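Here the structure is laid out as structure tokens; the discussion comes afterwards.
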Amino acid sequence: VGDDAALVEPGHGAVLLTTDLLVEGVHFELSMAPRDLGYKALVANISDVAAMAGSPRYALVSTVLSEAVGPPWVIELYGGMLEACKEHACAIVGGDLSRGREVVVSVTITGEVSHRDVVSRTGARPGDRIVVTGWLGGAAGGLALGRAGDDVVRRAAGTDWERELSLALDRPVARVGEGQTLAQCGATAMMDVSDGLALDLTRLCAASSVGARVRLDDVPVHPALRHLAGMLPGHDPLELALSGGEDYELLATIPEDRVTEAMELLNGRYGTRLHGIGEVAATQEVVAVGADGAERPLEPKGWDHFA
Ligand SMILES: [Mg+2]
């Protein structure tokens with residue numbers, strides 16, 4: 001930092017490039033703690049590198065600031081970014097700053113990956129198992145809780161489940177080691193779940209020209225969501241797990257005979273649960289199978305930036 005451009009030494013494999021834009025009023029509100037916002041802005045990008053089985057390396061950070069924020073807010077924002085960078089041995093090597101009516105945070109990250117390990121969305125084959133890391137719907141639950149009335153917020157305050165859902169929303173985990181381990185276990189396709197399982201799985205299947213059968217009973221619904229549903233009618237845990245965004249878990253397809261190995265390695269190395277949720281099908285349809293065996297199309301609902 002300090003020269004006209006960052007000068008970096010390329011690694012030995014391929015370079016991954018990804019960028020993400022967070023706009024006030026669209027992706028976040030200023031009521032969010034700036035430290036969480038900074039952390040999350042980095043994690044969203046690091047997660048995209050993880051989804052290709054890479055490791056994050058350098059970050060460029062550009063920010064538009066409004067009159068509503070002052071120096072302490074900006075220091076906290078960068079503090080959160082540095083936290084995420086430190087966790088993943090990633091360095092901020094440059095960026096830009098300007099003034100505007102709304103706050104905008106733009107992060108670009110480079111990552112490195114070996115040609116042997118890199119996993120795209122296009123390699124899923126009929127018969128592969130569909131797996132997903134961690135739990136789904138937690139971030140959507142945290143968002144719903146944040147928008148709930150004072151009464152619900154007061155009753156939830158201080159409970160373990162409230163804390164879990166808030167953490168899922170504000171402090172998502174980028175599954176970098178998990179992505180590399182899944183690649184080593186023969187993952188044929190992979191992506192991160194940023195816009196909801198139903199929508200992202202539909203995208204993965206389209207990229208691989210395959211279909212999928214998902215058993216709804218096996219979808220890893222975040223355990224804290226049942227407490228939320230008890231207080232906020234209309235918030236179905238399964239629905240939040242299928243169509244809620246921003247969980248940043250990894251969705252992958254792997255050969256059937258490598259699934260047990262992948263589950264054991266993820267649990268042993270990272271304490272991360274890997275859940276099998278269904279199979280890749282030769283048809284082009286993405287189908288949800290209910291507990292009673294009834295099948296219906298899995299509607300690709302999720303976070304649509306232009307809805
Ligand atoms: Mg992604």
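Basis for what follows: all heavy atoms, side chains included, without hydrogens, waters or symmetry-related copies. Numbering of ligands and ligand atoms starts at 1, following listing order. Computed from a predicted structure; not experimentally measured.
- Judged by distance alone, the side chains of E249 and T133 do bring a donor and an acceptor atom under 3.5 Å apart.
- Taking the N/O/S atoms of D48 in turn, the shortest distance to the Mg ion (ligand 1) belongs to OD1.
- Of all N, O or S atoms in D192, the one lying closest to the Mg ion (ligand 1) is OD1.
- A parallel orientation is assigned to the rings of H227 and W161, their planes being inclined by less than 30° (bins at 30° and 60°).
- When distances to the Mg ion (ligand 1) are checked against a cut-off of 2.8 Å, D200 contributes no N, O or S atom below that limit.
- For the salt bridge (charged side-chain N to carboxylate O under 4.0 Å, His left out) test, residues two or more places apart in sequence or in another chain that qualify with R171 are D36, E83.
- Of all the heavy atoms in G138 and A168, the pair that sits closest is C-CB, 3.6 Å.
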